[in-house]
Amino acid sequence: GAQTTSFPQPYIGIWKGTLEIYNNGGKVVNTVPMELHIKTIESERFSWKTIYNNTDVRDYELVIIDAAKGKYQIDEKNGIVLDLRLFGSKSFTCFEVDGYLIYDSYTFSKDEIVFELTSSAPEAITKSGSNEQTVTSYGQIAYQKAVLKRIK
């Protein structure tokens, strides 16, 4: 649709909210101010800057690879590039660091962006099944969520 091909143009601006960090019991154990700054660098490349706690800045770039197929990348500008897929108004990134699987998603709407992140740990992996089929389950050890509102 038209929205897919124009992503991320409708969301250019500054978004602010509070990141809620949950423990395994489902309780919020910490909150941190979070901002997302999206701006155009060139037609296929956008600044994608996330700021946590006003001081921890992740100055990344969003790169359009194939908008019609929802293919994008987050370029961390340090040699690390993450694939990002857009499905309608929702984006997904999944990556592994030292055995930890990290999934994040953004849900985009006119007035807010909802960010969610879960991660699993190597020690939370369970294998089950039979010789015909082994299933590996990755137990989630963390959940974070922020509702970001446009301020500019």
Side-chain angles (χ1 to χ4, degrees), residues 1-122 124-125 137-152:
Q3 186 181 359
T4 306
T5 53
S6 61
F7 179 84
Q9 274 92 348
Y11 310 107
I12 286 170
I14 297 176
W15 302 79
K16 282 190 180 183
T18 301
L19 182 69
E20 296 178 324
I21 300 165
Y22 291 76
N23 68 8
N24 286 341
K27 299 258 188 297
V28 175
V29 290
N30 197 7
T31 59
V32 179
M34 178 178 171
E35 299 180 22
L36 176 62
H37 299 205
I38 305 170
K39 69 178 189 214
T40 305
I41 298 172
E42 54 196 60
S43 62
E44 305 291 307
R45 194 171 274 269
F46 298 82
S47 173
W48 189 268
K49 184 187 294 186
T50 310
I51 305 170
Y52 300 98
N53 213 16
N54 304 313
T55 55
D56 182 359
V57 178
R58 315 283 170 91
D59 192 5
Y60 301 159
E61 292 178 4
L62 176 77
V63 183
I64 300 174
I65 303 301
D66 186 340
K69 293 184 176 160
K71 292 183 177 181
Y72 298 80
Q73 288 179 335
I74 297 290
D75 183 350
E76 297 192 0
K77 301 194 299 192
N78 59 3
I80 296 171
V81 177
L82 306 175
D83 287 312
L84 180 145
R85 292 301 297 265
L86 186 71
F87 296 90
S89 62
K90 209 168 173 86
S91 74
F92 295 92
T93 307
C94 174
F95 54 98
E96 182 258 330
V97 181
D98 297 332
Y100 289 82
L101 274 176
I102 299 169
Y103 301 87
D104 71 32
S105 71
Y106 290 86
T107 305
F108 299 90
S109 62
K110 193 165 72 79
D111 300 319
E112 67 183 31
I113 298 174
V114 179
F115 168 76
E116 292 179 280
L117 179 148
T118 63
S119 63
S120 64
I125 294 172
S137 175
Y138 298 87
Q140 302 301 299
I141 58 157
Y143 174 65
Q144 301 177 4
K145 179 179 181 179
V147 178
L148 307 175
K149 302 281 191 188
R150 187 193 295 272
I151 60 149
K152 193 175 164 198

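- The shortest side-chain heavy-atom distance between Phe7 and Leu62 falls under the 4.5 Å cut-off.
- The side chain to side chain donor-acceptor pair (under 3.5 Å) search around Tyr103 returns none, not counting sequence neighbours.
- Residue pairs meeting the salt bridge (Lys or Arg N to Asp or Glu O under 4.0 Å) criterion with at least one member in residues 94-122, sequence neighbours excluded, are Glu112-Lys149.
- Contact between Asp83 and Thr93 at its shortest, heavy atoms only, is O-CG2, 3.4 Å.
- For Asn23, the side chain to side chain contact (heavy atoms under 4.5 Å, CB included) criterion is met by Lys27, Val29, not counting sequence neighbours.
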Exercise. Does the pair Leu117 and Tyr143 meet the rule for a side chain to side chain contact (heavy atoms under 4.5 Å, CB included), with working shown?
Worked result: CA-CA 6 Å; Leu117 179 148; Tyr143 174 65; over 6 Å; no
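- One finds the OG atom of Ser6 at 9.0 Å from the CD1 atom of Ile64 (value rounded to the nearest 0.5 Å).
- Note: Phe95 CZ to Tyr100 OH = 14.0 Å, rounded to the nearest 0.5 Å.
- With Arg85 contributing its side chain and Lys69 its backbone, the two residues share a donor-acceptor pair below 3.5 Å.
- For Pro33, the side chain to side chain contact (heavy atoms under 4.5 Å, CB included) partners are Asn53, Asn54, not counting sequence neighbours.
- Considering every non-hydrogen atom in both Ile80 and Leu82, the closest pair reads CG2-CD2, 4.1 Å.
- The heavy-atom pair separating Ala142 from Asn24 by the smallest distance is N-OD1, 4.4 Å.
- Shown here for Arg150 and Pro10, the closest heavy-atom pair between the two residues is NH2-O, 2.8 Å.
- In this structure, the separation between OG on Ser105 and CZ on Phe115 is 8.0 Å, given to the nearest 0.5 Å.
- Separation of atoms OH (Tyr138) and CD1 (Ile125) is listed at 5.0 Å; rounding is to 0.5 Å.
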For residues 36-52, please give each side-chain donor-acceptor pair under 3.5 Å, one per line with the distance, not counting sequence neighbours.
| from | atom 1 | to | atom 2 | distance (Å) |
| --- | --- | --- | --- | --- |
| His37 | NE2 | Glu35 | OE1 | 2.6 |
| Arg45 | NH1 | Glu61 | OE1 | 2.5 |
| Arg45 | NH1 | Asp75 | OD2 | 3.4 |

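- Taking each heavy atom of Gly139 and Ser120 in turn, the nearest pair found is O-CB, 3.0 Å.
- Separating the CG atom in Leu84 from the OG atom in Ser91 is a distance of 4.5 Å, to the nearest 0.5 Å.
- The two residues Ala146 and Met34 have their closest heavy-atom pair at CB-SD, 3.7 Å.
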Listed pairs under 3.5 Å, donor-acceptor, residues 13-21 side chains, sequence neighbours left out:
| from | atom 1 | to | atom 2 | distance (Å) |
| --- | --- | --- | --- | --- |
| Trp15 | NE1 | Tyr11 | O | 2.9 |
| Glu20 | OE1 | Tyr22 | OH | 3.2 |

For this session: Might you work through the ring-ring contact (aromatic ring centres under 6.0 Å, His included) test for Tyr106 and Phe92, ending with a clear yes or no?
Result: CA-CA 7 Å; Tyr106 290 86; Phe92 295 92; over 10 Å; no
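- Between the CG atom in Asp66 and the CD atom in Gln73 there is a gap of 11.5 Å [rounded to 0.5 Å].
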